[in-house]
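Note on naming: letters A, B, ... go to the chains in the order of the sequence lines (proteins, then strands), and numbering restarts at 1 for each one. Only this structure's heavy atoms are used, side chains among them; waters, hydrogens and symmetry mates stay out. Predicted model only: the values in this text are computed from it and were never measured.
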There are 2 protein chains.
Amino acid sequence: MDMRDIAKIAGVSSATVSRVINGSPLVRPETAERVQRVIEKTNFVPNGSATTLKYGRSSTFGLIIPDITNPFFPELIRCFEAILVSNDQDMLMATTDFQPAKLQRTIRRMLIRKVDAVALLAAEIETQPIESLMHNRVPLVTLDRRSIARGVSDVAVEYLSGMKQAVEHLKRLGHRRIGYIGGSLGLTISEHRVEGFRTAIEEAGLKYDPKFVLPGNYRISGGEAGMREILAMKTRPTAILATNDLTAIGAMRVARAQGVGIPEEISIIGFDDIELCEIVYPALTTLRLPRQELAQALFRALDVLAKHPHGRGHQSMVSSTLVIRDSTGPALRDRKSASK
Amino acid sequence: MDMRDIAKIAGVSSATVSRVINGSPLVRPETAERVQRVIEKTNFVPNGSATTLKYGRSSTFGLIIPDITNPFFPELIRCFEAILVSNDQDMLMATTDFQPAKLQRTIRRMLIRKVDAVALLAAEIETQPIESLMHNRVPLVTLDRRSIARGVSDVAVEYLSGMKQAVEHLKRLGHRRIGYIGGSLGLTISEHRVEGFRTAIEEAGLKYDPKFVLPGNYRISGGEAGMREILAMKTRPTAILATNDLTAIGAMRVARAQGVGIPEEISIIGFDDIELCEIVYPALTTLRLPRQELAQALFRALDVLAKHPHGRGHQSMVSSTLVIRDSTGPALRDRKSASK
DNA sequence: ATGAAAGCGCTAACAG
DNA sequence: CTGTTAGCGCTTTCAT
């Protein structure tokens, strides 16, 4: 069943059917209505691949994320999908699991599918996949790479102000030794985050101590490993910032398992503000990264690029704000190590 | 850049290029290699929409889920996506948020995109969207509708054995009054689950008491509401089965907030075994629904249907098993209501 | 082993 | 206002 069939039944040409479907004003209302009725009666659905072939555009945006298992991403996907749907776009979603090879293949699949744009939230250091998109003139928006180009925009997270709020909050509670459990080594995003932390610490007049800065993996297990290491130190920090909420939650679990009270003995602050923060015990103090805003920024960036294919990309910013819950409290009086 | 361009550079025809790309044996190895080199040198990526137009198939499967915010689904999506990718299929994912109107539009978009098959994990009572897929000969697999047809398979969850394990576990702990917080009213899946519960209770020789059976919404808030109602009862159940883990977690939160000890005063069992179960305190006893198996079953069902477009669908089953953690314990001695 | 050509369904330029 | 037609890029039969 194609437009020609509809045309035949309605006694018009396929061009007219096309016009009706696309809401062209160049059709007499009665004709349009007649065609419309046939479409409805036959449940006709146009074949999008023909349109895609003709236009070279598919009304589909690609969304590439590292790990759908991190609740931050489902929440973001949800916002992004809603925006796409209300703009008559479909979403091709793919997960990389932090594997460059997977990213490579994913991008290839997206090129084949002629996606109109790609939001890449899983940019490793590698720039090859990005070049491959640029080469094919596919608008691209990255998260927190802080590098833009022709057809490539970036949405960065303004870490500093949030980190400063967090550090100030801890300082006011009497904390002086603040540790950090970060993300995987070798990702630009991880570096930006530690940098933000370092600057915030220094601007607060505290000492940045690399001993207290550990890598993680953006998952619970990374937070667990980090916390284990911290608890084994002779002199340990009295508060910890984690690179994301999962990391913080992992850290809290280990603390609890070892009988270290939170926030009595160690305060913990996360990042993202996933729903879990409220569910976990104690409820996690965190820096909220607004998903709706982020999704909007990503979409807008792509939309602009799609409309001005020759334009240079834009750098935009989303900032984070402190949400105080129960995982932060007054610093333990300054002893070597804590004991109940 | 299309196949003709490649052909020109390699000094062959576009038909040969097509053969090379599709690995046809009808090409002399040297020719193939020459073409291959040109393809690599130019970074050529074929235009999938032309293939889709030609074949009427897009190598894309649709996946429709109700709520990506429920961690069960990301975990499932992950498995499903992995299976698809290793079968050279793309995934078009969409969320319905339990809204029939959204489902309707989603299915239309999938028909336009010529998806090869759809896994519908969000089937409300409505059958209209299903019919629309059947009408367009799109293989479909549903979750737990327990109704199959030409081109429509179903993967059901075998609730009874899991529920029986759960009830037996509780009975052994001395529980006699077991309550249930279910899903949204009016969904077939909700009904199958309560039925499983009821049968399990009766087969264990306990009394099924409708007073203790409350509806929910598959989210935390539903569990909270249910638990609030239960805690307000003069005689209340000493244990509760929840229709999924989020519901159970909501119930636990309310219990904690009201100072009701878990499992000391009320035992709780969830369903799904999402990662959260281990993170929450106390760790949640639950019925594990194996995602990998479920994803496999969904894919296999679609794969079979896609290969035998005229075949009748199959009914398959996935079962659940009890995972005992810390949210279940001995029943409180039988008093009217519990007090610390 | 390779090439020529038709056709998948839709759209837009052009003609009327 | 409506119809005719070419062409988007790929695959595949049919020729050679």
Side-chain angles (χ1 to χ4, degrees), chain A residues 1-36 38-39 42-60 88 108-116 136-138, chain B residues 1-36 38-39 42-60 88 108-116 136-138:
Chain A
M1 173 80 43
D2 63 23
M3 285 194 183
R4 271 195 303 274
D5 298 323
I6 303 296
K8 209 162 292 169
I9 301 177
V12 297
S13 79
S14 68
T16 299
V17 175
S18 173
R19 292 190 184 102
V20 171
I21 287 180
N22 295 296
S24 159
L26 303 174
V27 184
R28 193 150 38 101
E30 303 112 72
T31 314
E33 192 165 333
R34 188 150 37 94
V35 172
Q36 197 62 56
V38 177
I39 290 174
T42 56
N43 283 309
F44 172 68
V45 178
N47 183 334
S49 62
T51 314
T52 299
L53 177 57
K54 178 106 179 104
Y55 280 154
R57 291 181 296 97
S58 63
S59 304
T60 304
D88 266 310
R108 186 185 155 76
R109 279 163 34 221
M110 290 193 171
L111 289 173
I112 292 176
R113 287 288 135 76
K114 287 265 170 283
V115 294
D116 299 348
N136 288 78
R137 300 274 151 84
V138 179
Chain B
M1 174 78 42
D2 63 21
M3 285 196 184
R4 270 193 304 272
D5 299 322
I6 302 296
K8 208 163 292 168
I9 300 175
V12 295
S13 78
S14 66
T16 300
V17 176
S18 172
R19 290 190 185 104
V20 171
I21 288 181
N22 295 295
S24 158
L26 304 174
V27 184
R28 194 152 35 104
E30 303 110 73
T31 315
E33 193 165 330
R34 188 152 34 93
V35 171
Q36 198 61 55
V38 177
I39 289 175
T42 55
N43 284 310
F44 172 67
V45 178
N47 183 333
S49 63
T51 313
T52 299
L53 177 56
K54 179 94 181 131
Y55 278 154
R57 291 182 296 98
S58 63
S59 305
T60 303
D88 266 309
R108 187 185 154 78
R109 279 164 34 223
M110 293 196 170
L111 289 173
I112 292 176
R113 287 287 134 77
K114 289 266 171 277
V115 294
D116 299 346
N136 288 76
R137 299 273 151 84
V138 178

Practice item. Provide, to the nearest angstrom, the distance between the CD atom belonging to E30(B) and the C1' atom belonging to dT2(C). Key: 13 Å
Exercise for review: Indicate the atoms forming the closest heavy-atom contact of G11(B) with R34(B), along with that distance.
Suggested key: O-NH1, 4.3 Å
I'd like a list of close polar pairs between nucleotides 8-10 of chain C and the protein, N/O only, cut-off under 3.5 Å.
residue	atom	partner	partner atom	Å
dG9(C)	N2	A50(A)	O	3.3
dC10(C)	OP1	N47(A)	N	3.1
dC10(C)	OP2	M3(A)	N	2.6
dC10(C)	O3'	T51(A)	OG1	3.1

**Study point:** Main-chain N/O of D88(A) paired with R109(B) side-chain donor or acceptor, under 3.5 Å
**Key:** no
Check your understanding: Does N47(B) have any side-chain hydrogen bond (donor to acceptor under 3.5 Å, both in side chains) partners at least two apart in sequence or in another chain, and if so, which?
Key -> S49(B)
Study note, to complete from the structure: To the nearest 0.5 Å, atom CD1 of I39(B) lies from atom CE of M1(B) at 11.0 Å
Exercise for review: Would you grab the first and last nucleotide of DNA chain D (5' to 3') that comes under 4.0 Å of any non-hydrogen atom in chain B?
Suggested key: dG9(D) to dT13(D)
Tabulate below the donor-acceptor pairs under 3.5 Å that side-chain atoms of residues 20-29 of chain A make, not counting sequence neighbours, or state none.
residue	atom	partner	partner atom	Å
N22(A)	ND2	S18(A)	O	2.8
N22(A)	ND2	S18(A)	OG	3.4
S24(A)	OG	L26(A)	N	3.0
R28(A)	NH1	E30(A)	OE1	3.0

Check your understanding: If you look at every heavy atom in A7(A) and S13(A), which pair is closest and at what distance?
Key -> CB-C, 3.4 Å
Review point. Base, sugar-phosphate, or nothing: which does T52(B) touch, judged by heavy atoms less than 4.0 Å apart?
Key: nothing
Review point. CG/D5(B) to OG/S14(B) distance, rounded to the nearest 0.5 angstrom?
Key: 10.5 Å
Revision key, fill the gap. Heavy atoms of R113(B) and S58(A) approach each other most closely as NH2-O, 2.9 Å
Practice item. Output every pair passing salt bridge (Lys or Arg N to Asp or Glu O under 4.0 Å) with a member in residues 12-26 of chain A, not counting sequence neighbours, ordered by first then second residue. Key: none
Check your understanding: With sugar-phosphate meaning primed atoms plus P, OP1 and OP2, does V17(A) contact a base, only sugar-phosphate, or nothing at under 4.0 Å between heavy atoms?
Key -> nothing
Check your understanding: Taking atom CG of L53(B) and atom CG of L53(A), what is their separation to the nearest 0.5 Å?
Key -> 5.5 Å
Just the atom pairs and distances: protein N or O near nucleotides 13-16 of chain C's N or O, under 3.5 Å.
residue	atom	partner	partner atom	Å
dA13(C)	N6	R19(A)	NH2	3.4

